[in-house]
A.B. asks: 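Let me begin by handing over the structure; questions about it come next.
Reminder, nothing fancy here: chain letters follow the sequence lines and each chain counts from 1.
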There are 2 protein chains.
Amino acid sequence: MTSKTDRKKAVQLFKALSHSTRLLIVQKLLEGEKCVNDIRDLFDVSQPNISQHLNILKFSGIVDFLQEGNLRCYFLKNPERIKKIIQAIK
Amino acid sequence: MTSKTDRKKAVQLFKALSHSTRLLIVQKLLEGEKCVNDIRDLFDVSQPNISQHLNILKFSGIVDFLQEGNLRCYFLKNPERIKKIIQAIK
DNA sequence: TTATAATATAAGTAAATGTTTATATAATAA
DNA sequence: TTATTATATAAACATTTACTTATATTATAA
């Protein structure tokens with residue numbers, strides 16, 4: 001049986017993935033780390049909005065970033081896990 | 001690469017699972033089919049609200065039901081898939 | 001038939017999430 | 001230093017989702 005906190009975490013993760021921009025970001029990051037403007041250029045989405053989505057992904061534990069000069073390069077914290085999840089829902 | 005419609009479907013599925021009541025319902029249904037009032041009694045949630053959540057789960061293709069007399073017994077359409085998804089997010 | 005039990009639906013309201021616009025910060029380049 | 005580039009944050013507004021309350025439907029039991 002799953003505990004209450006486990007379930008909250010799961011719900012948060014599902015929420016993080018239940019937006020098409022965020023799901024796309026995650027899929028792109030499966031190819032490797034990308035900095036914000038690279039990600040931004042992939043979609044027709046404003047810079048602040050991308051930042052906000054990245055923040056949600058970060059908060060839910062899906063991504064993290066490394067500061068490289070004035071760039072922030074985001075990457076999946078656990079790409080294998082993400083692959084499994086995406087595979088499972090297909 | 002995932003198509004746009006695939007992604008929409010995935011997003012819808014994640015959305016359906018990103019609510020703790022619905023995730024709990026789904027976990028309960030892994031034990032076997034249950035009718036609405038059985039489900040309702042498991043939680044502190046109103047009857048209409050349970051119906052609404054079940055409707056969302058039905059619409060997203062996760063559950064279906066069989067009418068048995070005046071009972072509606074809900075079941076998971078693809079329990080293996082659900083198990084995999086839940087396993088993957090852990 | 002009428003009453004009751006099980007469930008769904010609809011309308012209204014509340015709460016959460018998403019997007020835009022404007023502004024801030026931090027790192028580098030000039 | 002000052003300007004510029006990359007990114008974040010905050011506030012306002014829009015949209016979506018959730019929940020409640022009231023009512024409808026459908027099947028069975030009396």
Side-chain angles (χ1 to χ4, degrees), chain A residues 4 7-29 32-77, chain B residues 4 7-29 32-77:
Chain A
K4 201 164 192 170
R7 198 173 324 107
K8 295 262 162 175
K9 275 192 186 175
V11 164
Q12 202 188 350
L13 199 103
F14 285 132
K15 242 177 214 162
L17 296 173
S18 66
H19 188 287
S20 63
T21 300
R22 290 196 296 267
L23 192 53
L24 262 170
I25 291 173
V26 165
Q27 283 180 321
K28 280 291 169 189
L29 292 181
E33 71 166 34
K34 298 222 178 332
C35 69
V36 180
N37 269 339
D38 292 345
I39 298 168
R40 192 241 147 112
D41 292 345
L42 295 167
F43 315 115
D44 190 24
V45 172
S46 70
Q47 177 272 315
N49 197 219
I50 284 286
S51 260
Q52 286 154 349
H53 284 308
L54 285 169
N55 195 44
I56 288 167
L57 291 172
K58 178 154 193 314
F59 197 76
S60 71
I62 295 172
V63 305
D64 205 347
F65 66 83
L66 283 167
Q67 190 87 28
E68 296 180 10
N70 59 353
L71 301 182
R72 282 196 178 180
C73 295
Y74 280 81
F75 58 89
L76 295 174
K77 286 180 80 176
Chain B
K4 201 162 190 171
R7 199 173 324 107
K8 295 262 163 174
K9 273 193 186 174
V11 163
Q12 201 188 350
L13 199 104
F14 285 132
K15 241 177 215 162
L17 296 174
S18 67
H19 189 287
S20 62
T21 300
R22 290 196 295 267
L23 192 52
L24 262 169
I25 291 173
V26 165
Q27 284 180 320
K28 279 291 167 189
L29 291 181
E33 72 166 32
K34 297 220 179 335
C35 71
V36 181
N37 270 340
D38 292 345
I39 297 168
R40 191 242 147 111
D41 292 346
L42 295 167
F43 314 116
D44 189 23
V45 172
S46 71
Q47 178 272 314
N49 197 218
I50 284 286
S51 260
Q52 286 154 351
H53 284 308
L54 285 169
N55 195 44
I56 287 167
L57 291 172
K58 178 152 193 317
F59 196 75
S60 71
I62 296 172
V63 305
D64 205 347
F65 66 80
L66 282 167
Q67 189 87 28
E68 297 180 11
N70 58 355
L71 301 182
R72 280 194 180 182
C73 295
Y74 280 81
F75 59 89
L76 296 175
K77 286 179 80 175

A.B. asks: Using nucleotides 10-13 of chain C, report all nitrogen or oxygen pairs with the protein that are shorter than 3.5 Å.
C.D. replies:
{"from": "C:dA10", "atom 1": "N6", "to": "B:Gln52", "atom 2": "NE2", "distance (Å)": "3.3"}

A.B. asks: Can you give me the closest heavy-atom contact between B:Glu33 and B:Cys73, atom names plus distance?
C.D. replies: OE2-CB, 3.6 Å
A.B. asks: Are the side chains of A:Leu76 and A:Ile62 in contact, using a 4.5 Å heavy-atom criterion?
C.D. replies: yes
A.B. asks: Sequence neighbours left out, what passes side chain to side chain contact (heavy atoms under 4.5 Å, CB included) with B:Gln52? Give chain and number order.
C.D. replies: B:Asn49
A.B. asks: When you list every nucleotide of DNA chain D with an atom under 4.0 Å from a heavy atom of chain B, which one comes first 5' to 3', and which comes last?
C.D. replies: D:dT17 to D:dT28
A.B. asks: Any non-hydrogen side-chain atom of B:Arg40 less than 4.5 Å from a side-chain atom of B:Asn37?
C.D. replies: yes
A.B. asks: To the nearest angstrom, how far is B:Asp38 atom CG from C:dT7 atom C1'?
C.D. replies: 13 Å
A.B. asks: State, yes or no, whether a side-chain contact exists between A:Asp64 and A:Phe75 at a heavy-atom distance under 4.5 Å.
C.D. replies: yes
A.B. asks: Going by the salt bridge (Lys or Arg N to Asp or Glu O under 4.0 Å) test, which pairs reach into residues 16-25 of chain A, not counting sequence neighbours?
C.D. replies: none
A.B. asks: Kindly state which residues belonging to residues 64-77 of chain B come within less than 4.0 angstrom of DNA chain C, counting heavy atoms of the residue only, listed by number.
C.D. replies: B:Asn70, B:Leu71, B:Arg72, B:Tyr74
A.B. asks: Please list, in numerical order, the residues of residues 53-60 of chain A that have a heavy atom closer than 4.0 Å to any atom of DNA chain C.
C.D. replies: A:His53, A:Ile56
A.B. asks: To the nearest 0.5 Å, what is the distance between CD1 (A:Ile39) and CG (A:Leu54)?
C.D. replies: 5.0 Å
A.B. asks: For residues 8-19 of chain A, please give each side-chain donor-acceptor pair under 3.5 Å, one per line with the distance, not counting sequence neighbours.
C.D. replies:
{"from": "A:Ser18", "atom 1": "OG", "to": "A:Phe14", "atom 2": "O", "distance (Å)": "3.4"}
{"from": "A:Ser18", "atom 1": "OG", "to": "A:Lys15", "atom 2": "O", "distance (Å)": "2.9"}
{"from": "A:His19", "atom 1": "ND1", "to": "A:Thr21", "atom 2": "N", "distance (Å)": "3.1"}

A.B. asks: Considering only heavy atoms, which members of residues 8-23 of chain A lie under 4.0 Å from some atom of DNA chain C?
C.D. replies: A:Lys15, A:His19, A:Arg22
A.B. asks: Taking side chain to side chain contact (heavy atoms under 4.5 Å, CB included) as the test, write out the residues that go with A:Asp38, two or more places apart.
C.D. replies: A:Lys34, A:Cys35
A.B. asks: How many angstroms lie between atom CG of A:Asn55 and atom NE2 of A:His53, to the nearest 0.5 angstrom?
C.D. replies: 11.0 Å
A.B. asks: Test side chain to side chain contact (heavy atoms under 4.5 Å, CB included) on A:Ile25 and A:Leu57 and set out the steps.
C.D. replies: CA-CA 9 Å; A:Ile25 291 173; A:Leu57 291 172; 3.9 Å; yes
A.B. asks: I need the CD-P distance between A:Gln47 and C:dT19, as an integer number of Å.
C.D. replies: 14 Å
A.B. asks: Testing the basics here: between A:Leu23 and B:Arg7, what is the closest heavy-atom pair and its distance to 0.1 Å?
C.D. replies: CD2-CG, 3.6 Å
A.B. asks: Is it the case that over 12 heavy atoms from other parts of the model lie below 6.0 angstrom from the CZ atom of A:Phe59?
C.D. replies: no
A.B. asks: Mind jotting down which residue pairs meet the salt bridge (Lys or Arg N to Asp or Glu O under 4.0 Å) criterion with at least one end in residues 43-53 of chain B? Sequence neighbours excluded, please.
C.D. replies: none
A.B. asks: List the residues meeting side chain to side chain contact (heavy atoms under 4.5 Å, CB included) with A:Phe65, not counting sequence neighbours, and say none if there are none.
C.D. replies: A:Lys58, A:Gln67, A:Arg72, A:Tyr74
